[in-house]
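FYI, side chains are in, hydrogens and waters are out, and symmetry mates aren't considered; it's all heavy atoms of this structure. All ligand and atom numbering here is 1-based and tracks the order in the structure.
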Amino acid sequence: MTDCLFCKFVSGEIKPNVVYEDGDVLAFRDVNPQAPTHVLVIPKRHISTLNDLQSDDAELIGKLYLAAKQVAEEEGIAEPGYRTLINCNAGAGQTVFHIHLHLLGGRPMGWPPG
Ligand code: AMP
Ligand code: ZN
């Protein structure tokens with residue numbers, strides 16, 4: 001999608017601070033971090049929201065989590081623990097409509113989330 005910020009990251013038109021990349025997945029540091037580690041893990045293929053997922057996307061979504069796990073290990077937050085989450089639509093706080101898995105860690109996480 002030409003008007004999608006995260007698709008521009010994938011195409012290389014804009015360069016984020018990349019921490020992981022493979023053929024299907026890109027992970028980069030959030031520009032406005034909410035924790036010492038705040039990484040966004042995205043599929044390279046544009047999917048707007050969780051509501052748009054198809055059954056064919058199951059493997060791709062699994063790859064997002066495997067990438068998050070690897071980044072968490074590299075960031076040294078695997079053992080203390082970390083949070084992963086996907087906001088779906090504006091009511092949950094989604095502001096960029098290219099699906100992204102937040103990986104947050106490096107500080108205690110409260111519950112329930114806001
Ligand atoms: P969400 O609110 O779940 O849609 O998350 C969008 C995230 O994208 C927010 O945490 C923003 O801080 C982050 N974000 C917005 N613009 C950029 C950017 N240019 N580079 C990195 N992260 C960004
Ligand atoms: Zn996109």
| task | Starting from atom 8 (O) of ligand 1, locate the nearest protein heavy atom and write down its residue, its atom name and how far away it is, to 0.1 Å. | result | Leu40 CD1, 3.5 Å

| query | Hey, which of Val71, Val19, Leu85 is the one that makes side chain to side chain contact (heavy atoms under 4.5 Å, CB included) with Leu103? | reply | Val71

| message | Val31 versus ligand 1: do any nitrogen or oxygen atoms come within less than 3.5 Å of each other? | response | yes

| remark: For atom 2 (O) of ligand 1, the closest protein heavy atom turns out to be Gly93 O, 2.7 Å

| remark: shortest atom 4 (O) of ligand 1-to-protein heavy-atom contact is with Thr95 N, 2.7 Å

| Out of Ile86, Asp30, Leu104, whose heavy atom sits nearest atom 7 (C) of ligand 1? | Asp30

| message | Within the 4.0 Å heavy-atom shell around Phe6, which atoms of ligand 1 are there? | response | 8 (O)

| Quick one: does ligand 1 sit under 4.0 Å from the side chain of Ile14, the backbone, both or neither, non-hydrogen atoms only? | neither

| remark: Rounding to 0.5 Å, atoms CD (Gln54) and CD1 (Ile47) come to a distance of 8.5 Å

| said: Can you tell me which portion of His100 lies within the under-4.0 Å heavy-atom range of ligand 1? Options are side chain, backbone, both, or neither. | reply: side chain

| Closest protein heavy atom (residue, atom, distance) for atom 16 (N) of ligand 1 | Leu5 CD2, 3.6 Å

| request: For atom 19 (N) of ligand 1, find the nearest protein heavy atom and state the residue, atom name and distance (0.1 Å precision). | output: Phe9 CZ, 3.6 Å

| Under a single-linkage definition using a 4.5 Å side-chain heavy-atom cutoff for Ile, Leu, Val, Met, Phe, Trp and Tyr, are Ile99 and Phe6 assigned to the same hydrophobic cluster? | no

